[in-house]
Amino acid sequence: QVQLVESGGGLVQAGGSLRLSCAPSGSIFRLLVMGWYRQAPGKQRELVAAITNVGSTNYADSVKGRFSISRDNAKNTVYLQMNSLKPEDTAVYYCNYRGVGSDYWGQGTQVTVSA
């Protein structure tokens, strides 16, 4: 059974940076999209950033210019570099991998940005 493991969350001051990573515990085939979602208390889960198997990226408007998603294809690992963090970025961040007929989620990592 494949599991995704996130790391890199924590508490940071506004304006600071964090780098999240996500790696699978097993082999994944036919992977199409790697992405990061977040969910803040009382809010709907939202897509933050995604990267396809051919390298195309998409970002939520709220994080454009501040966050950057990248991947290591050999390791099936995805990263989220988070710069200029704001209190409104506070949320649980989840990684998600999607393939043909498959969908994998991590358990989430807490990111808290203090003013």
Side-chain angles (χ1 to χ4, degrees):
Q1 189 80 14
V2 173
Q3 296 182 133
L4 301 182
V5 181
E6 300 120 329
S7 62
L11 175 64
V12 66
Q13 293 270 322
S17 298
L18 288 172
R19 189 182 191 228
L20 307 182
S21 63
C22 178
S25 63
S27 297
I28 300 178
F29 300 97
R30 298 179 296 278
L31 187 62
L32 297 177
V33 184
M34 305 176 184
W36 289 94
Y37 291 76
R38 68 186 181 187
Q39 187 168 19
K43 294 186 177 181
Q44 189 76 31
R45 185 182 64 187
E46 65 174 345
L47 178 67
V48 177
I51 184 167
T52 72
N53 61 332
V54 295
S56 299
T57 58
N58 285 299
Y59 297 93
D61 288 342
S62 60
V63 307
K64 287 180 179 177
R66 300 188 297 119
F67 292 8
S68 180
I69 189 170
S70 61
R71 67 180 185 178
D72 183 331
N73 288 337
K75 299 178 180 179
N76 276 334
T77 298
V78 66
Y79 307 93
L80 186 67
Q81 180 67 46
M82 309 165 67
N83 298 324
S84 301
L85 283 161
K86 305 174 180 179
E88 51 262 45
D89 295 317
T90 295
V92 177
Y93 285 70
Y94 301 89
C95 64
N96 170 245
Y97 290 8
R98 286 185 284 132
V100 178
S102 61
D103 194 359
Y104 306 95
W105 289 91
Q107 294 300 307
T109 185
Q110 177 71 45
V111 171
T112 302
V113 184
S114 62

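In this chain, numbering begins with 1 at the start of the sequence shown. Keep in mind that what you see is a predicted model, and the values were worked out from it rather than measured.
Sorted by first and then second residue, the pairs that involve residues 34-57 and meet ring pair (Phe, Tyr, Trp, His ring centres under 6.0 Å), not counting sequence neighbours, are Y37-W105. Sequence neighbours left out, not one pair with a member in residues 55-94 passes disulfide bond (SG atoms under 2.5 Å apart). For residues 32-86, no residue pair satisfies the disulfide bond (SG atoms under 2.5 Å apart) rule, not counting sequence neighbours. Applying the disulfide bond (SG atoms under 2.5 Å apart) test to residues at least two apart or on different chains, none of the pairs has a partner in residues 23-59. Under the salt bridge (Lys or Arg N to Asp or Glu O under 4.0 Å) criterion, the residue pairs touching residues 54-63 are D61-K64, with sequence neighbours excluded. Sorted by first and then second residue, the ring pair (Phe, Tyr, Trp, His ring centres under 6.0 Å) pairs with a member in residues 53-82 form an empty list; sequence neighbours excluded.
When atom types are taken as modelled, the side chain of Q110 and the backbone of G9 share no donor-acceptor pair closer than 3.5 angstrom. The backbone N or O of T90 lies less than 3.5 Å from no partner atom in the side chain of T112, so there is not a single donor-acceptor pair.
The minimum heavy-atom distance between P24 and I28, with the atom names listed, is CB-CD1, 3.6 Å. Smallest separation of non-hydrogen atoms from G35 and I69: CA-CD1, 4.3 Å. Smallest separation of non-hydrogen atoms from A23 and T77: CB-OG1, 3.7 Å.
With contacts defined as side-chain heavy-atom distances shorter than 4.5 Å, the pair V63/M82 does not qualify.
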N/O donor-acceptor pairs under 3.5 Å from side chains in residues 12-20, not counting sequence neighbours:
unit_1, atom_1, unit_2, atom_2, d
Q13, NE2, S114, OG, 3.4
S17, OG, N83, OD1, 2.9

Show me, pair by pair, the donor-acceptor contacts under 3.5 angstrom made by side chains of residues 92-99, not counting sequence neighbours?
unit_1, atom_1, unit_2, atom_2, d
Y93, OH, R38, NH1, 2.9
Y93, OH, D89, O, 2.7
N96, ND2, D103, OD1, 2.6
N96, ND2, Y104, O, 2.9
Y97, OH, C22, O, 3.0
Y97, OH, N76, O, 2.6
Y97, OH, V78, N, 3.4

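Other members of a hydrophobic cluster containing V54 are absent, since no ILVMFWY side chain comes under 4.5 Å of it, directly or through relayed contacts. Annotation for V100: hydrophobic cluster partners, listed by chain and number, are L32, V33 (ILVMFWY side-chain heavy atoms under 4.5 Å, direct or chained).
One distance of note links CG of N73 with CE of M34; it measures 6.0 Å at 0.5 Å rounding. Taken to the nearest 0.5 Å, the CG atom of L4 stands 9.5 Å off from the CD atom of Q107.
Contacts of K43 classified as side-chain contact (heavy atoms from CB on, under 4.5 Å), with partners at least two apart in sequence or in another chain: A40. Partners of S25 by side-chain contact (heavy atoms from CB on, under 4.5 Å), not counting sequence neighbours, listed by chain and number: Q3.
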